[in-house]
Amino acid sequence: QVQLVESGGGLVQAGGSLRLSCAASGRTSTLYHMGWFRQAPGKEREFVGTISKSGAITYYADSVKGRFTISRDNAKNTVNLQMSSLKPEDTAVYYCAATAAASLPIVARNYDWWGQGTQVTVSS
């Protein structure tokens, strides 16, 4: 069992940058693959990216590839999402999630624990 809390959301102009953090608590002695998802009003929850337990492997959705970077600091029990060159279509509630799966899932239903989400709004 793990508890996740996102922070760092806010309002930013198009072309700007924002850094989200996800703090983990609970069974932090156990490492999990982590994912970031986002959900805009009226739309399905969308995969953003995932990072392996060690941080050595990452995968990104095509829509954010080259603009977003996921990193983790296991000593601090945190996962970060660095967002650059933001676009209005990036506006959404962003969620971090953890999975007990052996692989790196890209589907939301394959993640086991979720944070509460943090709002990111990109203005034009």
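Not measured: the values here are computed from a predicted model. Along the sequence shown, residues carry numbers from 1.
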As a quick check of understanding, evaluate side-chain contact (heavy atoms from CB on, under 4.5 Å) for Leu86 and Leu18, giving each step before the final call. CA-CA 8 Å; Leu86 283 162; Leu18 203 62; 4.0 Å; yes
As a quick check of understanding, evaluate side-chain contact (heavy atoms from CB on, under 4.5 Å) for Arg38 and Val64, giving each step before the final call. CA-CA 11 Å; Arg38 65 187 183 185; Val64 307; 3.9 Å; yes
Stepwise side chain to side chain donor-acceptor pair (under 3.5 Å) check, Tyr32 with Ser52: CA-CA 7 Å; Tyr32 299 95; Ser52 64; over 6 Å; no
Would Gln116 and Leu4 satisfy side-chain contact (heavy atoms from CB on, under 4.5 Å), going step by step from the backbone distance to the final call? CA-CA 8 Å; Gln116 84 289 343; Leu4 305 172; over 6 Å; no
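Of all heavy-atom pairs spanning Arg67 and Ser85, the tightest one is NH1-O, 3.0 Å. Heavy atoms only, all atoms of each residue included: Asn80 and Arg19 are closest at ND2-NH2, 3.0 Å. The two residues Pro105 and Thr99 make their nearest non-hydrogen contact at CD-CG2, 3.7 Å. Across all their heavy atoms, Thr91 and Ala40 have their closest contact at O-CB, 3.7 Å. Minimum interatomic distance between Ser25 and Val2 (heavy atoms only, all atoms of both residues): O-CG2, 3.3 Å. The two residues Trp36 and Cys22 come nearest to each other via the heavy atoms CZ2-CB, 3.8 Å.
Residues Met83 and Val120 form a side-chain contact, since some pair of their non-hydrogen atoms from C-beta on lies under 4.5 Å apart. Inter-residue side-chain proximity for Glu46 and Ser63 is flagged as met; some heavy-atom pair is nearer than 4.5 Å. Counting heavy atoms from C-beta outward, Thr118 and Ser7 have side chains that stay 4.5 Å or more apart. A 4.5 Å side-chain heavy-atom check between Val79 and Ile70 finds at least one atom pair inside the cut-off. Within the 4.5 Å cutoff, the side chain of Ser21 has no heavy atoms near those of the Thr78 side chain. Inter-residue side-chain proximity for Trp114 and Arg45 is flagged as met; some heavy-atom pair is nearer than 4.5 Å.
The number of heavy atoms from other shown groups lying within 6.0 Å of CD1 (Ile106) does not exceed 12.
Of the charged side-chain nitrogens involved, at least one lies within less than 4.0 Å of a carboxylate oxygen, so that Asp62 and Lys65 count as a salt-bridged pair.
Residues Leu81 and Val93 do not share a hydrophobic cluster, clusters being chains of Ile/Leu/Val/Met/Phe/Trp/Tyr side chains in contact below 4.5 Å. Leu11 and Val122 sit in two unconnected hydrophobic clusters of ILVMFWY residues. Membership requires side-chain heavy atoms under 4.5 Å apart, directly or through other members. Hydrophobic clustering, with ILVMFWY side chains joined whenever heavy atoms are under 4.5 angstrom apart, keeps Val48 apart from Tyr111.
Distance alone, capped at 3.5 Å, places no donor-acceptor pair between the Asp90 side chain and the Thr121 backbone. Using a distance-only test at 3.5 Å, with no hydrogens or angles considered, no donor-acceptor pair links the side chain of His33 to the main chain of Leu104. Of the possible polar contacts, none joining the Thr69 side chain to the Gln82 backbone as a donor-acceptor pair under 3.5 Å is found. Here the side chain of Ser17 pairs no donor or acceptor atom with the backbone of Ser84 at under 3.5 angstrom. Distance alone, capped at 3.5 Å, is enough to place a donor-acceptor pair between the Glu6 side chain and the Cys96 backbone.
For residues 58-83, there are no ring-ring contact (aromatic ring centres under 6.0 Å, His included) pairs, not counting sequence neighbours.
In this structure, a donor-acceptor pair under 3.5 Å is present between the side chains of Trp113 and Gln1.
Annotation: Phe37 is not in aromatic contact with Tyr95 [ring centroid separation under 6.0 Å not met].
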